[in-house]
Every structure is written in structure tokens, then in C-alpha cells.
Amino acid sequence: MTTTDTTRADTPIATARGLVRTYGSGPTAVHALAGVDLDVQRGRLTATMGPSGSGKSTLMHCLAGLDRPTAGTVVVDGEEVSAMSERRLTRLRRDRIGFVFQAFNLVPTLTALENITLPFDIARRPVDREHLDAVVQAVGLSDRLSHKPGELSGGQQQRVACARALVTRPAVVFADEPTGNLDSASAHEVLSFLRRSVDELGQSVVMVTHDPTAASYADRVLFLADGRIVDELADPTADAVLERLGALTRRASGATPAQVR
Amino acid sequence: MLRVTLRGVRAHAVRFALSVLAVALGVAFVAGTFALRTMLSDTFHGIVEAQAPADVYVRGDAPVAAGPGDGGFGEQRTPVALGVADDLAAVDGVRVALADLAGPVVLVGADGTAVQSTQAPSIGLAFDERDPGLRLRDGRAPVADDEVAVESATLASSGLAVGDRTRVVVSGEVRDVTVVGEVDAGGPMAGATLVYLPVDVAVAAYAPQGTVATVAVHAADGVDEATLVERVTAALGDGTVADAAGVEAVAGQDLRDELRGSIDETLGFVTSFLMIFALVALFVGGFLISNTFAMSVRQRVREFALLRAVGASPAQVFAVVVGQAAVVGLVGSAIGVAGGLGLVGVLRVVFESMGMDLVGDVPLDTTTVVACLVLGTVVSAVAAAVPARRAALVAPVEAMRGEVTVPERSLRRRGTAGAVVVALGAGAVAYAALRPDATGSEPVLGAGAALVLVGVLVASPSLARSVLRVLAVPFVRALPPLGRLAQGNVVRNPRRTASTAGALVIGMALVGAVSVIAATGQASLAGVVESSTDADLVLRSATSAIPAGAVTDVAALPEVGRADAIAFTSGGVSPEPGVDPGPDDGAYVVGLRPGVLGGSLVVDVLDGDPADLDGTHAVVNRSTAGEGWAAGDELTVRTAAGERTLVVAAVVDTRVMSASVILTRDVLDELAPGPAQVTDTVFLDAAAGVTPTALRAAVTAAVAPYVVVSVQDRDEFVDQMAAQVDQLLVILYALLGLSLVIAVLGIVNTLALSVIERTREIGLLRAVGLGRLQLAGVVTVESVLTAVFGTVVGLAVGVGIASVLPRVYAEEGLDQLVVPWDGLALMVGLALVVGVLAAVWPGARAARLRVLDAIATPD
């Protein structure tokens, strides 16, 4: 944990203002995001939930600079992502953001260790040995580092992916359904690791999930429906999340969504 | 299932585009070869019609060896006396009987150089006003000694006009003449230079012995061919014709058929030669198709599993894939046929601009089209058979699996099989190398070379891993993540990389072998020339014959100390001591002044003494006449003009001449008088006290009027010979070029398809922070690695096999192995460049992939 994290703990690590993302145009246009305002807190694990088509993945893609919003601004760690050139976006992803996807997180031709250090190689920066050892230790993969992804289990692969996302000390890690393809034991390993990275390393993490159990590892859960944030829950339990989700479904579309800061 | 097949092709049209292109290029080459052959054949048949229009021909009844300097088609026969033509004129039903007076000529054009287009012959003919085949287009017939008429196309390319004064070289003499007429020879002459001389000039030049090759007999009106043949035959038999011994009459149609037959045979060789390269190109295209379908099957495993799950049999799935390949092949072939015909159309324009007119339209016959379509379709379907089998064996349950993985089968069996085949081939090559004299060593060598190539192709996936790891080292060092990623990608699927590079391996093996053979040949040639002559200057001719006048004029110069002309003819030579020679074995017989052998011509003497060469003795060249000769043996030489039995004075070994027997000039003059012998080289030495510069100036001035004679010193002589090899090399490279182009397309194809296949992975890399340029860099390094791998393996195979040749062909003069390292390095450099170029499109495609789309693509 670094001192800057504590001194700026009150400022959000990522913010979105008036975020709109529309696919297509005219009568067939789909409003994936219909005006989202959001602050992601520093050093916290934030989960986003919602039914399919609620815009939770689009929100994450826009925050991470993978997709460009139709309107609105995104600021990550003090830099305006929505105004960046493709070249700067590439550098942002390389240096400031970590990713964990649902599947296909690893380059199959590289070993686990090479996958973890890939961002350093791409940036041509020397590997931070100490931090690497710490991260590898934390994911508990010291003995599997020379294996290719094909020789690792699904859970191990996701842990390698987490290690890669964390090893560059990114400002924020975005995880898109990181446990979507895992059995519950492996999912627990991965989620505990993400939790520990927040608690012990002060990492900021945003996780998209549809699994209430996964969401229960978060400090705060945001609920999306029809491209808007409709609800939020702090220090959630699986049951509480399930209840809110149920309420969300019952309310159906058309209800006025609550604006959440 | 047909619908599934066709929809599949349509849905993936872009992916099959390069496969279609590969088939199209290969088939275009095949179709072009066929069309060119038909067109050349039509042209030359037209020339036959125009040049042999008579109803009956009288000719010698026994064939003899083809004489040097005869550019025409058809076999050579014993001669016919000139008087036969005059006697036949009196036979009933004969309109006119014309002796065939024709021979070599040099026409000087308006620009002062010899008129000669490409390799077509330059022929002097008699202008006989009675000849019904000749028509004056302009001016009048040549009558006086200093008048000629010129064929229309020749006149156009010479830049001369009727009324102009110029020079011609006839039977070794330079003549100042006036062009008095333009002659229509009755059709395109494929670039031949035709000059018409007055009859008496032609008789003196082309029938110095009073004999000609044939007499053409034209029928009077109302007399048909068969009747005329009967009457002429009767006249030859009953004494009407004085010199009728040893001659026969043939119908004009039969002679024309014979000539056409021999033309088609010659064109057949050319076509076969071209066809080999066309088929190599098509074969290389097969690799590309095979790869395309292998990758397409891999991607569509789920689709096939679904087909199987809904009840399709493995055979049906197999048929779907092969059917798709057949559609690709058919479309490609159709484009290829059109392309090939277009190509020949272009070629015709090029030929025309070089003065070689070809008749008719570009031919389009059904057989060619059908053959090409079938060929392209079958090659394509066969190439897809292995991937199709793989698709057929997909288990229906694969359709339900979340993640589809196609297990890579072990390469061990394939590697072992390849190694065994290579070992067999290498054994055969080694056998041929160690026992070059054994009978059948050449076929063994050929089969061994083919086996080595096939074995390397089979084993190349196993080779790929280790070789690529080595080749990738510089890239991994210089560009850490890119080199490492690229290496992983090319090694990940060794079968694919190997078969992508396989196309290049074939082409490069041929290039490697050809370049080693050429370099070795050039070096050996230079060695032979340098060690066998110490002449100051060498005279050569652009038309392969040095006019006799030029030799006489040069010999008479005060600056020239010694002039040794190498004159030769062809004839029958005893195959073994004391054995009667066949009449037509076409051996070269050279006439030399005694003292030249061992003088300006240095030779290895194996037995006897070349100084004993005289009117009753001959020298035998072992390198062409074969083993088994010793001084004192009897040897018979037979030519059209007679035969001589001589005693062998010496057995020598030389490769500077391809002659098997060396006689004195006097004996040669008897056996091959006048135009029957050709002088192709004259060695000159300066007289005492004359500097080389002075000698050269004097000789150059003396031969200037003869236009075609060039003066060279020894280095230039060697260079000229080397240049001929280089020319051949350029043609071979050009023919191999198409295979290499298709091989490069194969690399583009594999890269483009693997970019599609790796969309998710590319998305991941981009998300983790890989820039567009870096991504394009990865693709480029993959491309370069594949290209260099194919080139290195191919060159290694080609050079390896070609290195054995000097051992096998030491007897034929390839005695020192030269590996052109700089040329080979150039090829590897070229592979680097080609690799970069091949990556441009796939690299751009990969870089253009939008990160989000790439991540979102379902697998």
C-alpha cells in the first residue's frame, strides 16, 4: 500500500458524467447507456449487476477505454479517457488499467510467467521483481509459472489473468464476469484473490457479474437496468443482492430509476 | 447437403479468395501453354503450306544426319542432282519443276546491322519467276548479280525500302546489292528473314556441287496429285530423268504432313518444358488450398458436429468440404482459363513487336478449356481431402461442448516417415555420386532427389519447431515481446507453418539447384576455355556461322600471325573401332589444320600423338566419342558427300569442342564441301611484334563488312559463354517465378486466415496494451519467419542435391563445384523482403480489428 492511496483516498479513481452510448441510429437505435453518472471509489471493490442488456458490460468498456461513449465524459485517475486518441488509449490500457475477462485471458503460446509479465514486455519496461514475486505469491502459482495456459485448470488460468492485471500496479482493474466460466471452488479462489488485492494492496477493482455470490465479495454493488444505474448496495451479502435483483425484475421497465452518486 | 456446401462457400467467400487466385494463376499458366502451343503450331503449319506448296517433291531416298546450319524442320536426306529438275519439266502433266535452292544468308538492314529477329533463321532463296508460290508485291524480280528481293515482313523490320542499296553475305562473301522487289511469301513467317536472290547466284551459293535437297514439282491444270506422283515416279524409273539414282517422289501432302509432324514434335518438347513449370505452380497452389481448408475446418468444427448431430454421415461431411474445394477450384479454373488466354494475347503483341508475327486469334478449343477446368477442380478437391477427412471425423458431441479444441496429433509418425524417405533419397543420391559410371545412375539420381524433396516436405512440421526456434533468436532478442509472440505463433501449429512454407520449399529447392548448377557450369566452362586455348583473339558469329570470306580476309592480314578456324560438319561416326557408322547419328566432325591440336588448342592427350593428324589419320575425342578407343584403331566417317576410313592417330579429352572426331581441313573439305561445313570459331594469334591493341584494331576493321562477326579476347569469350548460361538462368527463374508468387500468396493467405482465427487473442493483446504497430510487427515477424524458413530449407535441399552433380557429371565437364553463396544470401534477403510484403495486408487487417469487437467475438 502506498501513501498516495491514503492521501487521495477520498477522490474517486474513475468517474463518469452523463455517459450515453447508442448503437445504430434512427428508429432501430439501441441505447445501451442512457445517461450514467458514476464515481468509482479508490481502493474499493465495486461490482456492477443487472439483467442482460442492462448495459453493465458497455459501462465497463467505456470506463476502460475499450469503447467510446456517444456522449458524456469518463475520467480515470485524473485523465479524460473519452477524449483520448487511439494511441493514448493503448498506452492507458498498457500502463494504467488491468483487465480480467470471462474467458480467453491468456496468450496460449506464452507460459504463465510470460503472460503475467506481458504488459512489461510490451512497454519494454523492466519487470518489478519484488512486486511480481508478491503478486505471484498472492495468487499461489509459484510452481506453475513455466506451464502453458493449456496445461492449467480454468481457475488457475483466471488467477494468472488476475496476476497479469495486477502486476503493473494499475490505477484500476476491470474484471468482466471473471468467474463466469468457473466452478464454485475456483470462483472462490479468484474472488478471494481480488478481495485480498483490494484489502492488502489497496487496489481499485471494478467487476461486472451476474452472480450474487460474486457480488457479495464487493464493497459496493451498483444495479443497472435499461442503460441507467437504478440502485446500489453497500457491504452486500448474497441474499441482499438477490433480494434487490428480484425487486429490480419485479419493478419492470418504465419505473423511474433512482440516480445514484 | 448441396445447399450446405454452396452456402458455406458463399458465406466465406473472402476466405477462399486467395485459394481461387492460386488456382487461377496455376491454371492460367497451363491454359496459356496450351494456347501458345496451338498458336505456334498454326503459325508454323502456315509456313509449311507457304513454303511447300508443290504437288510432288523429289528427294533423296535415304535420310542422313542433320547438317549444321540448317535451320529448317524435317529430316535431312541424300541430295538430288540439279539436272533432275530440268529433266522433270518435260514430263507430261508437269507445269514446272523447281530445285530447292536455299541456304544461310545475312542481310544488312538500314541501320548497318544484321537483320535478325529473336532466334528465327535467316534464309536466302532463289527467285524463280516460274514459281507459282511467289508473288511480287512491289518492284521487280532480282536478275543481275547485285540485285535481291526481300520478303515483306523482313523488309519492314530491316528498315529498307525497294530501291535501297545494302549488303548481303552469301556463301561467305559480302556483296553490295540493290533491293529491287518486295515479295509476298504467303503468310506470317514467324520472324524468319527471307532474302530472294537471282537463280544463278543461288545456284552458285547453295548448290556448289550441283545438288539440292529437293525438287518441287507443280502439276499442270487438271492433273491431280496422285496422278502426278505416278508419272514422276515412272519418269524417275524409265530413264527420262538422267540422275535418278537414289531419289524418290513423294506427294506434296505427304511431305507437308511429315514437316508438320516434326514441327509438332519440336513444339511438343517446348510445351512439355513449360508444362512442368505450370504443373509445379499448380501443385504449389494445392498447398495453399489445403491450408485454407485445414484452417476453415478447424474453425467450423462446431458446424460439422452439428451436421453430424442432425444425422449427416461422415461421408456427407467429407463431401461437403471436398465439394466446397471443388467449387473453389472450378471458379479459379474458369478465371485461370480466361487469364491464360489473355496472357497469350499479350504475348502475341510482344512477339509482334519483336518482329515475330503469329497467325490467327488466340485459340479457344473445348478440349483445352475442359482439361483446364478439370485439372484445377481436381487439384483443388484433392488438396482439400485431408482437411475434409478431419471434418468427417468430428464427433457429434463436439457440438455441445462449450469450448472447441482440436487436438494436435503427434508429429512423431510424420517426422519418422519423412526421415525414412529422406534417408532413402539421400542413399540413392549417394549411390549415384559414388558410382557415376554405373548404368542408370541418372534415373537413380533423379529419383533420389525427388525422394529427398518429398521427405523434407513430409518431415517439415517436425523440422519447423527446431529450425524456427533458431531462426527466431534474432527477433526474440531484438524485439522482446513481438519476437516471442511471433515465434509462439509460427511454432504453435507446425503443420500449418510447414505446409505454408512447403510451397516456398519446392520453388526454392529448384532455384537453389539451378543456381548451383549454373555457377558450377560457368566456372567449369571458364576453366575449360582458359586451360585449352592461349589465342590472343577469338572470332565468333551472331548467326553461328562465320562467313568464309571473313576467315580468308583475316588470315591475310599482316598483323595476324596465325588463324585457326574450327570448321565442322555432322555425319555418321563409327560407334566403336572398326564398326560401320549409322548414317544419321549426328556426331560432330571437326576439321583442323595439323598442329592446332596441342598448339592454340590445348587438350589432354590420352593415347598417341595429335601431331600425327594427316590425310589418313584422325583424332578421337573421348569425352564425346566414348571409351574404347586407342591409337591405331580404324574409324569410318560418313557424310552426305561420301565416307572415309581413317586410322586413329591419337585419343584426346577436350570439352572446348563438342566434336567426337577431328580430321584435317582437307579431309573435311572433301566430306563436307562448301556450305555443308560451318566455321563457328576462329582462334587468332598476333604476328611477331604486333601489339594486341593493333591486332584487334586490324581484325575488327577486316570483319566489319561481314556484320555478324564479333571479335573477342579470351576474357570476353569466356564472358560470352557465361552470359549464355545466365540467359538460360533468367528464363528458368522467370518460369519458377509464378510458383514463388503463389507461395507468397500462400503466406498471405495463412496469415490472413490465422488473424481471423486469432481474433480473440488479438483483442486480448490489444486490451493489455499492445499497440497497432506492434501488432502488425508480430504478424510481420511471423511472415518473415515463415518465408525465411521455407527459403532456407528449400535452398538447403536444392544446394545439397546439386552439390552431388559435379561428382556424377565430372565426365561431362562439371568438374568443380561452385556454390554461389552471395546469390543464395540474396535469396534469403529476398525472402525477408517478401515476408515483410506478404504481411502488409494481414498485418493491416489485424491492426484494424477494433479491440471491443475482437473481445466480443464468440469463439
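The chains referred to below are lettered A, B, ... by the order of the sequence lines, with proteins before strands, and numbering in each begins at 1.
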Notebook entry, point to check: Taking 4.0 angstrom as the limit, do A/Arg21 and A/Asp67 come out as a salt bridge?
Noted result: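 Salt bridge: yes.
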
Note to self: Can you tell whether the side chains of A/Glu79 and A/Arg91 come within less than 4.0 Å, N to carboxylate O?
What the structure shows: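 Looking at A/Arg91 together with A/Glu79, the answer is no, because their closest N to O distance does not fall below 4.0 Å.
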
Notebook entry, point to check: Who wins among A/Arg87, A/Gln102, A/Arg164 for the most heavy-atom pairs under 4.5 Å with chain B?
Noted result: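 The option with the most such pairs is A/Arg164.
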
Under 4.5 Å from any heavy atom of chain A - which part of [X]:
| X | value |
| --- | --- |
| B/Arg772 | side chain |
| B/Leu482 | neither |
| B/Gln774 | side chain |

Checklist line | Contact summary for A/Val100 and A/Ala161, nearest pair of heavy atoms | finding: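 What the structure gives for the nearest pair is CG2-O, 4.1 Å.
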
Next item on the list: Measure the spacing between CG of B/Leu775 and CG of B/Leu770 and express it to the nearest 0.5 Å.
Entry: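 Spacing of CG (B/Leu775) from CG (B/Leu770) equals 5.5 Å.
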
Notebook entry, point to check: Between atom NZ of A/Lys56 and atom NE2 of A/His61, what is the distance when rounded to the nearest 0.5 Å?
Noted result: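 Result: 11.0 Å between the selected atoms.
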
Next item on the list: Please report the C-alpha distance between A/Glu189 and A/Ser186 in whole Å, then the side-chain angles of each, then the deciding distance to 0.1 Å, and finally whether the side-chain hydrogen bond (donor to acceptor under 3.5 Å, both in side chains) criterion is met.
Entry: CA-CA 5 Å; A/Glu189 284 175 5; A/Ser186 302; 5.0 Å; no

Note to self: Under the side chain to side chain contact (heavy atoms under 4.5 Å, CB included) test against B/Pro842, which residue among B/Ile756, B/Ile747, B/Leu753, B/Val748 passes?
What the structure shows: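 When B/Ile756, B/Ile747, B/Leu753, B/Val748 are each tested with B/Pro842, the side chain to side chain contact (heavy atoms under 4.5 Å, CB included) holds only for B/Val748.
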
Note to self: What verdict does the side-chain contact (heavy atoms from CB on, under 4.5 Å) test give for A/Leu59 and A/Leu38, after you've listed the backbone C-alpha separation in whole Å, the side-chain angles of each residue and the deciding distance to 0.1 Å?
What the structure shows: CA-CA 10 Å; A/Leu59 173 61; A/Leu38 162 77; 4.0 Å; yes

Item checked: Residues of residues 143-150 of chain A contacting chain B, heavy-atom criterion under 4.5 Å, by residue number ->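 From residues 143-150 of chain A, none sit under 4.5 Å of chain B.
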
Checklist line | Neighbourhood of chain A inside residues 778-790 of chain B, taking heavy atoms under 4.5 Å as contact | finding: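 Result: none.
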
Check: Is A/Ser85 reaching over with its side chain to a backbone N or O of A/Arg88, donor-acceptor style, under 3.5 angstrom?
Finding: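 Pair found, side chain donor or acceptor close to backbone of A/Arg88.
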
Notebook entry, point to check: Short question: side chain of B/Ser296, backbone of B/Thr292 - any donor-acceptor pair under 3.5 Å?
Noted result: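 No.
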
Checklist line | Region of A/Leu106 that comes under 4.5 Å of a non-hydrogen atom in chain B | finding: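 Just the backbone, heavy atoms under 4.5 Å.
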
Next item on the list: Count the heavy atoms of every other residue, nucleotide or ligand shown that sit under 6.0 Å from CD of A/Glu151, and state whether that count exceeds 12.
Entry: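 Atom CD in A/Glu151 is packed in, count exceeds 12.
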
Checklist line | Aromatic ring proximity B/Phe16/B/Phe293, centre distance under 6.0 Å | finding: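 Yes.
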
